[in-house]
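Side chains are part of it too, since the values below use all heavy atoms of this structure and drop only hydrogens, waters and symmetry mates. Chain letters run A, B, ... following the sequence lines, proteins first, then strands; residues in each count from 1. Just so you know, these numbers come straight off a predicted model, no measurement behind them.
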Amino acid sequence: MDYLKGLNPPQREAVEHTEGPLMIIAGAGSGKTRVLTYRIAHLIHAKGVDPFNILSLTFTNKAAAEMKNRIEQLIGLEARNTWMGTFHSTFAKILRVEADKIGYPSNFSIYDADDSKSLIRTIVKEMKLDDKVYKPNTVLSRISGAKNRLISWETYLNDPFIKADDEAAMKPRMGEIYRNYQRRLFKAGAMDFDDLLFNTNVLFRDHLDVLNKYQQRFKYVMVDEFQDTNVSQYLITKKLAAVHQNICVVGDDAQSIYAFRGADIQNILNFEKDYPDLFVVKLEQNYRSTKNIVQAANSIIAKNKAQLKKEVWTQNHNGELIELIKASSDNEEGRMVATTIFEEKNNKKLNNSDFAVLYRTNSQSRSIEEALRKMNITYKIVGGLSFYQRKEIKDLMAYMRFVVNKEDEEAFKRVINYPKRGIGDTTVEKILVAAYEHDIPLWEVLTNANSFLSGRAANAVDDFTTMIKSFGIEMERKDAYEAANSIAKQSGLLRELYEDKTIEGLNRYENVQELLNAIKEYVDNPENEDKSLGAFLQEIALLTDNDRDKDTTDAVTLMTIHSSKGLEFKQVFVVGMEEDLFPSQMMMQSREDLEEERRLFYVATTRAMEKLYLTYALTRYRFGRLLNCEPSRFLEEVDPACIRVNKRMTSALSGALRNEFSEGRSGFIGIKKPANRPTTTAKIHTPSPDFKPSNTNNLKEGMLVEHPKFGYGKVTKIEIEGINKKASIQFDNFGEKVLLLSFAKLRIID
DNA sequence: AGGCAGTCGGTTTTT
DNA sequence: CCGACTGCCT
């Protein structure tokens, strides 16, 4: 085949090695997707494999779509028949078909994280536990972690180590919550994201005939981004490939960034043990980036202990040095990014789409957005508050979900009284108690409202069920679009939004219209055979914002590092290079955590083809508070030969700030005069509870105040600098401090 | 049942 | 800063 000519020797080896277990270690920018697509094409064309027998698993819908696209270009429509999708969507489809074998209805709902958390909140409340101890987030991630390691609630409750662990964390009832959560999901005919994989494992474990069916079907199994698989995912693929042993995994241990989701880097490090006759190919030549960028990335990742041996290199030019940009605040950082983009665009005749701004957390996008808007630079945000997480979208989807699956408790709670129809919390509570305590299906309670509720409430509920029933009939007779359309209209949801004439309301109305359009597109797409509402819902439940078609106009891309994986841009800004932000202080519990943050930095830098900027701010607003920031340790870890400091950017203001208030700490800007008192005289001080930031607006010179850390002090000076009001305070035991009034916590004594 | 004002708390990444 | 929740009033 002539398409093999364009490949370098290791790439070609990977493509041609089709039989038996194969691991491809693919460094950043080494042409991984190319190899994967060529390999599939090769299987079909040269080896005569039926596309129907090939399964390719990816982590994002985008990656799956991209690969499908590229194969189609290579070998034409034949490629349509290969099964290509994310783990979650692939096994959701299989579970739909086999649901009855594990006791689920085939129209099961898929709970997203919000639904899961809401359910956990209800359970914690019902168990009369403290929701400050059992926070939905913590509980969910604990349960999720268990499921990813295939620990059922039964096992969880009986495992003495887990028990000891939970007790040490002062959360002894965790196992019971897990049990109740799981029972409640089952009763609602619902699975959360992790269940899709967990239950597939259960299905394959308990029903060997089913497993065998899929083993026969998938003669060739391929896993992309293998470093991101968790145990649950790995076991599924291993089982599927057990008969034919044609398993090909592609990954890069240096880009494993999903440990928080249960990804286990050991999967890739131990793969050889599971397959002794494993063939390994390393793709080490980088075609994407300049030497400087490759070297910078390598110099960071080299500090990690847990990694496979690999030497990524490139024949590309040295390119420009990496530019280090220092700003005094997050807003100035944004301005610098925007002006740099503006200038580079003009100087090098680049498009907006050649630029990307990457950050560690979604909330960092704000200051960048503002600056870009001011300079009239078009941008698009990937991820963030997802379209599908918007209230109006979730509301309409909840209606659709409830019509499809009338046991779906979370969907029910969303729609029962929205728009308002006079059914209050007490009534909802009664309905749920009736259903749960006596183990009656929710829909049975609703259709017999008279037996459970008193007159007025029962009538309102009757009207509701009548409406839902009519939607059900409509759903059976019509396609997803028509059904959704009349649900939106007749439920009153569309009218409610239409009547809201604020800009926000208009937006919401448009969003709902957009969802309806998406359903229309789905129905009109000849590739989708099943045009029912249920089929559409299962499709959409696993979509994220990243999968939505954004306007293809020329725009700068803003996103988190996590969502940037697999992409490349000519020029990349990695912003917020500050200690505790990146590497994130939330993460930093162990060496492994630091190493994952390093890999994250590795991913970020290797997105850049020609030029890379690292920027940081000395002060930053987060959660409405102004914090002082230290430069990230990563700035020191990068090989200094690759970096140059942008002098122009180091403004007088930032320099002054840096020198004068160098000892940053949350809550105060710095020490002006060192305290020359013996520390032994510091008395033990228990702060009273009423320290409020707002109090400090009333500060006047000469006042006596109390600070939670420094104790009692006297205000010596009030001054305004820029947007900040500052107070110098002489503390009894700590000398003079300068506090920022916008957030310093103080109590005024007189 | 529902609306409003005021308090409290979280503050990471995604299928 | 922003959303979720609480308590009070109609």
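- Closest-nucleotide positions on DNA chain B for A/L600 and A/G424 were compared, and the one nearer the 5' end corresponds to A/G424.
- When each of B/dA1, B/dT15, B/dT12 is scored by its nearest atom to the side-chain atoms of A/R360, the top-ranked nucleotide is B/dT12.
- Nucleic acid contact for A/T426: sugar-phosphate only, since backbone atoms but no base atoms lie under 4.0 Å from a heavy atom of the residue.
- In the set B/dT14, B/dG9, B/dG2, the nucleotide with an atom closest to the side chain of A/K420 is B/dG2.
- Between C/dC1 and A/S363, no contact under 4.0 Å exists linking OP1 or OP2 to a side-chain N or O.
- By the neighbour-count criterion of 12 heavy atoms within 6.0 Å, atom CG of A/D425 is sparsely surrounded, having that number or fewer from other residues, nucleotides or ligands.
- Note: CD (A/E496) to P (B/dG2) measures 11 Å, nearest angstrom.
- Here B/dT11 presents its P atom at 18 Å from CZ of A/R620, a figure rounded to the nearest Å.
- Residue A/M559 contributes atom CE, which lies 14 Å from atom C1' of B/dT14 at whole-angstrom precision.
- For B/dT13, its base never sits under 3.5 Å from the side chain of A/R261 at any donor and acceptor pair.
- OP1 or OP2 of B/dT14 sits under 4.0 Å from a side-chain N or O of A/N362.
- Here the side chain of A/S584 is nearest to one of B/dT14, B/dG9, B/dT12, namely B/dT12.
- The interatomic distance linking A/D131 (CG) with B/dC8 (P) rounds to 14 Å, in whole Å.
- Rounding to whole angstrom units, CZ of residue A/F87 and P of B/dT14 are separated by 19 Å.
- Using a 4.0 Å heavy-atom criterion, one finds that A/N137 contacts the sugar-phosphate atoms exclusively.
- By the 30° and 60° cut-offs, the orientation of the rings of A/F59 relative to A/F87 is tilted.
- One interatomic measurement links the two molecules: NZ of A/K565 to P of B/dT14, which rounds to 12 Å at whole-angstrom precision.
- Minimum atom distance to the side chain of A/K135 is reached by B/dG10, of the listed B/dG10, B/dT14, B/dT15.
- The shortest distance between the side-chain N/O atoms of A/R421 and the OP1/OP2 oxygens of B/dA1 is not below 4.0 Å.
- For A/F226 and A/Y234, the ring centers are positioned less than 6.0 Å apart.
- Rounded to an integer number of Å, the gap from CZ of A/R390 to P of C/dC2 is 13 Å.
- For B/dG2, one of the phosphate oxygens OP1 or OP2 lies less than 4.0 angstrom from a side-chain nitrogen or oxygen of A/N417.
- Look at CD on A/Q389: it is 10 Å from P on B/dT15, rounded to the nearest Å.
- Of all nucleotides listed (B/dG9, B/dT13, B/dT15), B/dT13 comes nearest to the side chain of A/H562.
- Salt-bridge annotation for A/E597 and A/R360: present, with a side-chain N of the basic residue lying under 4.0 Å from a carboxylate O of the acidic one.
- Using a cut-off of 4.0 Å between Lys/Arg side-chain N and Asp/Glu carboxylate O, A/D131 and A/K135 are scored as not salt-bridged.
- Among the heavy atoms of the strands lying under 4.0 Å from A/R121 are primed sugar atoms or P, OP1, OP2 only; no base atom is included.
- Within the 4.0 Å cut-off from OP1 or OP2 of B/dT14, at least one side-chain nitrogen or oxygen of A/T560 is found.
- Seen from the ring of A/F464, A/R421 does not count as a face-on cation partner, given the 6.0 Å and 45° thresholds.
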